[in-house]
Number of protein chains: 2
Amino acid sequence: MKTDERMIAFGKRIRDVRRSKGISQEVLAEMADIDRSYMGNIERGEKNVTLKKAYDICDALDIDIKDLV
Amino acid sequence: MKTDERMIAFGKRIRDVRRSKGISQEVLAEMADIDRSYMGNIERGEKNVTLKKAYDICDALDIDIKDLV
DNA sequence: ATGTGACTTACAGTCCGTG
DNA sequence: TCACGGACTGTAAGTCACA
């Protein structure tokens, strides 16, 4: 699997988990202390987030990062 | 677990795997196409790597990223 | 509720050298 | 073989307005 594909898959998993919890991008963004538009970029796999950000998002979603990467 | 601690643990795991394979920091850096001094920073948990770089390192170490995060 | 573009600032990441 | 430094360059981080 190529790196770009992995980024997109990563974003998709965030979106899936978020939707399964029934919360909006906006709310999740606020929970993870991330700008709403930036969260959109991440979910679309357009941004190459740092590990710290990835951990922040996992904390907000209350899941293990292993389930996201 | 705090984010900084996670970064340090992440770096330690890289170092452990690398040593178990008997290769130097410099060689791993070359394999992962990362600067040698930067690889040192990562192993010490001093740098907040991007997901792409994390994937690159995993590929070089031939391990799953789940075993690193 | 989300996508997108334009923008600035912070820091990821490189390159070269030293002990 | 690795830690650490300085000086860079590229891009992630972060904010906003508009559709």
Side-chain angles (χ1 to χ4, degrees):
Chain A
M1 199 170 181
K2 300 193 73 173
T3 313
D4 284 351
E5 293 169 348
R6 286 195 269 202
M7 299 304 303
I8 291 170
F10 174 79
K12 276 206 180 111
R13 281 189 289 271
I14 292 176
R15 177 161 294 187
D16 286 346
V17 174
R18 173 177 65 76
R19 286 185 171 158
S20 77
K21 296 195 179 263
I23 58 178
S24 69
Q25 233 178 50
E26 200 158 4
V27 168
L28 173 59
E30 192 182 9
M31 290 170 68
D33 196 31
I34 289 177
D35 189 76
R36 169 185 75 69
S37 71
Y38 191 52
M39 182 62 76
N41 287 143
I42 295 169
E43 286 193 355
R44 271 170 269 128
E46 293 166 5
K47 287 287 183 176
N48 179 25
V49 294
T50 59
L51 252 149
K52 280 189 181 173
K53 275 293 151 205
Y55 282 128
D56 287 346
I57 294 168
C58 289
D59 288 347
L61 287 172
D62 195 33
I63 57 171
D64 194 311
I65 193 169
K66 291 185 204 296
D67 298 327
L68 229 51
V69 293
Chain B
M1 199 170 182
K2 299 190 74 171
T3 313
D4 285 350
E5 294 169 346
R6 287 195 269 203
M7 299 301 304
I8 291 171
F10 174 78
K12 276 206 180 111
R13 282 189 287 271
I14 292 175
R15 175 160 294 187
D16 287 345
V17 175
R18 175 178 64 76
R19 284 183 171 159
S20 77
K21 296 193 180 266
I23 58 178
S24 70
Q25 231 178 54
E26 199 159 3
V27 168
L28 174 60
E30 193 183 8
M31 289 170 68
D33 197 31
I34 288 177
D35 187 73
R36 67 179 163 75
S37 72
Y38 191 51
M39 183 61 76
N41 289 141
I42 296 169
E43 287 193 355
R44 273 171 267 130
E46 295 166 5
K47 288 287 186 172
N48 180 23
V49 295
T50 58
L51 254 148
K52 280 188 181 173
K53 280 291 165 200
Y55 281 128
D56 287 345
I57 294 168
C58 289
D59 288 347
L61 287 172
D62 195 33
I63 58 172
D64 193 312
I65 194 169
K66 291 186 204 298
D67 297 327
L68 230 51
V69 293

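All values derive from a computational prediction rather than experimental measurement. Note on naming: letters A, B, ... go to the chains in the order of the sequence lines (proteins, then strands), and numbering restarts at 1 for each one.
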Could you grab the distance from atom [atom1] of [X] to atom [atom2] of [Y], nearest 0.5 Å is fine?
{"X": "B:Lys47", "Y": "B:Ser37", "atom1": "NZ", "atom2": "OG", "answer": "8.5 Å"}
{"X": "B:Asp33", "Y": "B:Asp59", "atom1": "CG", "atom2": "CG", "answer": "12.0 Å"}
{"X": "B:Asn41", "Y": "B:Met39", "atom1": "CG", "atom2": "CE", "answer": "10.5 Å"}
{"X": "A:Arg15", "Y": "A:Glu43", "atom1": "CZ", "atom2": "CD", "answer": "4.5 Å"}
{"X": "B:Leu28", "Y": "B:Ile57", "atom1": "CG", "atom2": "CD1", "answer": "7.0 Å"}
{"X": "A:Tyr55", "Y": "A:Lys52", "atom1": "OH", "atom2": "NZ", "answer": "11.5 Å"}

Could you tell me how far apart [X] ([atom1]) and [N] ([atom2]) are, to the nearest whole angstrom?
{"X": "B:Met39", "N": "C:dC15", "atom1": "CE", "atom2": "P", "value": "14 Å"}
{"X": "A:Leu51", "N": "C:dA12", "atom1": "CG", "atom2": "P", "value": "11 Å"}
{"X": "A:Asp35", "N": "D:dA12", "atom1": "CG", "atom2": "C1'", "value": "13 Å"}
{"X": "B:Lys47", "N": "D:dT11", "atom1": "NZ", "atom2": "P", "value": "16 Å"}
{"X": "B:Met7", "N": "C:dC11", "atom1": "CE", "atom2": "P", "value": "13 Å"}
{"X": "A:Ile42", "N": "D:dT11", "atom1": "CD1", "atom2": "P", "value": "18 Å"}

Using a cut-off of strictly less than 4.0 Å, decide whether B:Lys52 has a side-chain nitrogen or oxygen near OP1 or OP2 of C:dA12.
-> no
Compare side-chain N and O positions of A:Lys53 against OP1 and OP2 of D:dT11 and report whether any pair is under 4.0 Å apart.
-> no
All heavy atoms of A:Lys21 vs all of A:Leu61, minimum pair found to be CE-O, 2.9 Å
When all nucleic acid strands are considered with a 4.0 Å heavy-atom cut-off, which category describes A:Asn48: base, sugar-phosphate, or nothing?
-> sugar-phosphate
Indicate, with a heavy-atom threshold strictly under 4.0 Å, whether A:Asp33 touches base, sugar-phosphate, or nothing.
-> nothing
Return one dot-bracket line describing DNA chain D 5' to 3' (Watson-Crick or G-U wobble pairs, both distances under 3.5 Å; ( ) same strand, [ ] crossing, | another strand, . none).
-> .||||||||||||||||||
Given protein heavy atoms under 4.0 Å, the one-letter contact record of nucleotides 1-6 of chain C, with B base, S sugar-phosphate only and - none, is simply -BBB--
Got more than 12 heavy atoms from elsewhere within 6.0 Å of NZ, A:Lys66?
-> yes
With a 4.0 Å cut-off, would you call B:Asp16 and B:Arg13 a salt bridge?
-> no
